[in-house]
2 protein chains.
Amino acid sequence: MNLVVIGIGLIGGSFAKDAKKIHPDAHIIGIDKSESHLDEALELGIIDEKGDYDVLASADVVFVSIPVNALMVELPKILDAVGDDTVVMDAGSTKGLICEVVNDHPKRRNFLACHPIAGTEFSGPSAAINGLYEGKTNIICEVEKTAFKLQERALELFQQMKMRIRYMNPQAHDKHIAYVSHLSHISSFMLGKTVIEKEKNERDIFDLAGSGFESTVRLAKSSPDMWTPIFEQNKENVVESLQEYIQNLETFKQLLLDNEFDDVYQEMNNTNRIKQILKGIPLTKS
Amino acid sequence: MNLVVIGIGLIGGSFAKDAKKIHPDAHIIGIDKSESHLDEALELGIIDEKGDYDVLASADVVFVSIPVNALMVELPKILDAVGDDTVVMDAGSTKGLICEVVNDHPKRRNFLACHPIAGTEFSGPSAAINGLYEGKTNIICEVEKTAFKLQERALELFQQMKMRIRYMNPQAHDKHIAYVSHLSHISSFMLGKTVIEKEKNERDIFDLAGSGFESTVRLAKSSPDMWTPIFEQNKENVVESLQEYIQNLETFKQLLLDNEFDDVYQEMNNTNRIKQILKGIPLTKS
């Protein structure tokens, strides 16, 4: 199998590692705008060689894991360069604009719009880990627009990586993911900001913060290069979720101010249901 | 050593387990308003026997781990019942009102106001784990009001449990902890509420949520019985931190609405410093 990974960081690098494990004979070519990332990926044995878009014509599978703003520019060029029998899949955290930008491309049938719900707060080739995708959900959009035999090739690979497949339309994906992913990142970033602003002396945070705080602000370590364009592309849904979140915080604050502690209790008690909901979410053992 | 643990859940149970490991000859008596918790603690071997306040007179160490509203009522009664050579320590997440309520107690010198920054989102005796306190910070308030030899006894135990000791006044504790602990719980509870409200079909959350979401809402599993009185007692600081948090979220939302994505990037980039800050926080391996 000729696999080309465009964007060889945490997501692309982990995909390459799993692919190599499943297909030891796979030849993996890495493409990245960062030379140092490519060198690092080579040293780490994540890729077999560096390449450019010229290699796309003979690729069986192209996995594109670059920021979603770059995807808007590169995806059409990538499709221009691939062969008739190449399947191109992305890993973007937004789907609406990305499906739109390639919708009328003559090689639309070569593209499978994907969003594997997997990752960590780290980035770069050194953050790539084995088994990142195991047990994780991979959302596929507009599957009917992809050539059937290319769907099959992609799905076989996903199944070998033990991913759970879910089909959605891009609009539903972007709306839902704003709540369960994009909003979490904003709440985490702003929590980190609030505490840092207050605790000018970081030593105090260090001493008083426990694992609960660490867990809640973990996502504030995430890459702004990756997340800014996601928020830009999914602005409408993100703002809506953010507005509802702020409203819930305001309500909670008002209950405190009004000494309505029975209601404060109920707010938390009702949300404890999250225990059952979360039971099904596989954690990344990194 | 005669150790009495009042409130034999996650915090008290874990304390008892470590104490038994360090002092195999220790006799541990459990007191709890829940008979079933006491029976469970006995079955699990966390305590040697059940007891009541009559046993306090002959105790060397009394560890009180009950909700902070119960502490306000029970702590004076506990001090009434203890012997001259007994040291009583609490584990409350607030310190101001608790130090106040016993300030003029004739046995104030027998009390050491503590807050070990340790825990998980679970509760009850079955949630008790070994080594919960290892490497964690234990904040001690008004240490000068505790009899010196009783301080020594308590500190020896804390050191054997490998806790890091930090001395603060109750007001500073309550202000700082509102930011690094209490606020995290509210942000997490309200994030959970926002997503649950939106996703009436929980199957969608289950499918789309990743480990990032799981980490950010983990604290929303916490016990409302424990947290409602904490928010009540630390209301002023909690509301202040919540207001600043909401303001930061509003600012972020406005940047999105105004398409100021360079500023959105900067907001996240500045908060990435949290990486370095968090490096020092020991995680609970449960």
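Lettering of chains follows the sequences in order, A, B, ..., and the numbering in each one begins at 1.
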State, to 0.1 Å, how close [X] and [Y] come at their nearest heavy-atom pair, and which atoms those are.
{"X": "B:Gly119", "Y": "A:Ser211", "result": "O-OG, 3.9 Å"}
{"X": "A:Asn272", "Y": "B:Pro224", "result": "OD1-CD, 3.2 Å"}
{"X": "B:Lys221", "Y": "A:Lys275", "result": "O-CE, 3.2 Å"}

I'd like to know whether CD of A:Glu236 has more than 12 heavy-atom contacts from other residues, nucleotides or ligands below 6.0 angstrom. no
I need the [X] [atom1] to [Y] [atom2] distance, nearest 0.5 Å.
{"X": "A:Phe261", "Y": "B:Thr228", "atom1": "CZ", "atom2": "OG1", "result": "9.0 Å"}
{"X": "B:Leu219", "Y": "A:Thr271", "atom1": "CG", "atom2": "OG1", "result": "12.5 Å"}
{"X": "B:Met268", "Y": "A:Phe231", "atom1": "CE", "atom2": "CZ", "result": "5.0 Å"}
{"X": "B:Asn248", "Y": "A:Glu197", "atom1": "CG", "atom2": "CD", "result": "4.5 Å"}
{"X": "A:Ile274", "Y": "B:Phe189", "atom1": "CD1", "atom2": "CZ", "result": "10.5 Å"}
{"X": "B:Met190", "Y": "A:Phe252", "atom1": "CE", "atom2": "CZ", "result": "5.0 Å"}

Pick whichever of [options] has the most heavy-atom pairs under 4.5 Å with chain B.
{"options": "A:Leu183, A:Thr194, A:Ile117, A:Val238", "result": "A:Thr194"}
{"options": "A:His185, A:Gln266, A:Arg218", "result": "A:Arg218"}
{"options": "A:Pro229, A:Ser241, A:Gly212", "result": "A:Gly212"}

Sort [X] into side chain, backbone, both or neither according to what part of it lies under 4.5 angstrom from a heavy atom of chain A.
{"X": "B:Lys235", "value": "side chain"}
{"X": "B:Gln247", "value": "neither"}
{"X": "B:Ser187", "value": "both"}
{"X": "B:Glu240", "value": "side chain"}
{"X": "B:Ile177", "value": "both"}
{"X": "B:Ile139", "value": "side chain"}
{"X": "B:Asp262", "value": "neither"}

Partner chain A: residue of [options] with the largest heavy-atom pair count (under 4.5 Å):
{"options": "B:Ile186, B:Leu191, B:Val264, B:Thr251", "value": "B:Leu191"}
{"options": "B:Tyr179, B:Trp227, B:Tyr245", "value": "B:Tyr245"}
{"options": "B:Ser222, B:Gly192, B:Ala220, B:Ser188", "value": "B:Ala220"}

From the list B:Val217, B:Thr216, B:Val195, side-chain contact (heavy atoms from CB on, under 4.5 Å) with A:Ser184 holds only for B:Thr216
For A:Glu121, is it the side chain, the backbone, both, or neither that has a heavy atom closer than 4.5 Å to a heavy atom of chain B? neither
Under 4.5 Å from any heavy atom of chain B - which part of A:Leu256: both
Would B:Asn270 and A:Lys193 count as a side chain to side chain contact (heavy atoms under 4.5 Å, CB included) here? Give the steps. CA-CA 8 Å; B:Asn270 296 338; A:Lys193 181 188 178 187; over 6 Å; no
Would you say B:Met168 and A:Leu208 make side-chain contact, with heavy atoms under 4.5 Å? yes
Begin with the C-alpha distance, continue with both residues' side-chain angles, and end with the deciding distance and a verdict on side chain to side chain contact (heavy atoms under 4.5 Å, CB included) for A:Leu242 and B:Leu249. CA-CA 8 Å; A:Leu242 193 46; B:Leu249 290 163; 3.9 Å; yes
